[in-house]
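Count residues from 1 along the sequence. Ligands are counted one by one from 1 in listed order, and the atoms in each one are counted from 1 as well.
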Amino acid sequence: MSLAVVGSVALDTVETPTGKNTEGLGGAAVFASLAAANYTQVHLVGVVGTDFPEEHVQLMRSKNIDLTGLERVPGRTFRWTGKYHEDVNQRDTLDTQLNVFETFHPKLPKAAAEAKYLFLGNIHPALQLEVLAQSKAEFIAMDSMNLWIQIERARLEEVLAKVHCLIINNDEVYLLTGERNLIRGARKIQNMGPAIVAPKKGEHGCLLFDGPRIFSAPAFPMPEVADPTGAGDTFAGGFMGYIAQQGNADFETLRRAVIHGSVLASYTCEEFGVSRLARATPADLKTRYDAFVELSKF
Ligand code: AMP
């Protein structure tokens, strides 16, 4: 079953303790789509400017990602610049240029609108509502960020009331609920709408709340993280792609989906931008999935 993914398509400039990558392919929708394409047909909905390199389009096409919903409009592509600290769990956003993203209103082509699964990347909650009005999805996951929690809370709550799953990081749980404790925070979020809440803990893994049930997964231990940009979106894409492939979201499937998402996120962190994620083969994914099972079995 297919998955629609809506979010940013970007040119990212990223500096980490190990190096720098200038204007590489990025954006939440790109990381999520590349991850999900390992499991299911993906329909990407987003916008780029006339400067968006053709090679990026080709890369996504080569993964069988449906780009009918990727608009190309006059102007410059969205750009984001970030710099990571020695502790790569900490980063500063140095620059955000919305460019063509500023006037973007997502239009879902037929296949994206009819997809049974939907991932709403981190875009303005008003745009997320526009997507929901067009989508016939039966299972919807969303992401958000501190900015929207702070300045668009009412509309964000409207979106939350309509989705099944929120994938979010720890700090955002605190911002949204005032709870430092993830269990209490997740319970409060569940009361706002989504029965499933997946707070990511960066290199410390992910918790999954599904109604009263809890699953805890580690992140894959890595000797070096080159660039964690997009790890969260990659996780979400792998998680949703696997659920769409399985065609259900029962607790057992969700637990495995968390591990698939974590496997893909570990690849994203290994190199700058999407390069390692885009090269991951089915055999790579199986090997790391098995290593994950081994790691957390006792
Ligand atoms: P993550 O590391 O999971 O937070 O995702 C980083 C990705 O989100 C980068 O590829 C950015 O291009 C994209 N991004 C950063 N800021 C925004 C924003 N305000 N709206 C949409 N996408 C963004």
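In this structure, atom 13 (C) of ligand 1 lies nearest to the protein heavy atom Ser8 OG, 3.8 Å. Looking at atom 16 (N) of ligand 1, its nearest protein heavy atom turns out to be Trp80 CD1, 3.6 Å. The protein heavy atom nearest to atom 12 (O) of ligand 1 is Asp12 OD1, 2.7 Å. Of the protein's heavy atoms, Met145 SD, 3.9 Å lies nearest to atom 19 (N) of ligand 1. At the top of the distance list for atom 20 (N) of ligand 1, counting protein heavy atoms only, stands Asn122 O, 3.7 Å. Of all protein heavy atoms, the one closest to atom 17 (C) of ligand 1 is Phe78 CZ, 3.6 Å.
Residue contacts with ligand 1 for Lys200 are absent, since no atom lies close enough (heavy atoms, distance under 4.0 Å). For Asp233, heavy-atom contacts with ligand 1 shorter than 4.0 Å involve the backbone as well as the side chain.
Put simply, Leu59 and Val42 are part of the same group of oily side chains (I, L, V, M, F, W, Y) that touch within less than 4.5 Å, one to the next.
Under a 4.0 Å criterion applied to the non-hydrogen atoms of Phe31, ligand 1 contributes the atoms 10 (O). Residue contact check: Arg91 has heavy atoms under 4.0 Å from atoms 1 (P), 2 (O), 4 (O) of ligand 1. Atoms of ligand 1 found under 4.0 Å from any heavy atom of Gly232 (numbered from 1 in listed order, with element): 3 (O). Within ligand 1, the atoms closer than 4.0 Å to a non-hydrogen atom of Ala10 are 12 (O), numbered from 1 in the order shown.
Ion pairing between a basic and an acidic side chain is recognised when a charged N comes within 4.0 Å of a carboxylate O; Lys286 and Asp290 show such pairing. Between Glu224 and Arg276 there is no salt bridge, since no side-chain N of the basic residue sits under 4.0 Å from a carboxylate O of the acidic one. Ion pairing between Asp250 and Arg255 fails under the 4.0 Å rule for side-chain N and carboxylate O. With respect to Arg155 and Glu158, no salt bridge is recorded, no charged nitrogen being found less than 4.0 Å from a carboxylate O. Classification of Glu271 and Arg279 as a salt-bridged pair holds, one side-chain N sitting under 4.0 Å from a carboxylate O.
Using cut-offs of 30° and 60° for the angle between ring planes, the Phe292 and Phe220 rings count as tilted.
For atom 8 (O) of ligand 1, the candidate residues are Gly121, Ala231, Ala236, Ala28; the nearest heavy-atom contact is made by Ala28.
Nearest heavy atoms, Gly247 versus Tyr117: C-OH, 3.1 Å.
Inclusion of Phe101 in the set of residues having an N or O under 3.5 Å from an N or O of ligand 1 is not warranted. Checked by distance only, ligand 1 and Gly27 come closer than 3.5 Å through their nitrogen or oxygen atoms.
By the neighbour-count criterion of 12 heavy atoms within 6.0 Å, atom CD of Gln58 is densely surrounded, having more than that number from other residues, nucleotides or ligands.
Among Leu182, Leu166, Ile167, the single residue meeting the side chain to side chain contact (heavy atoms under 4.5 Å, CB included) criterion with Pro199 is Leu182.
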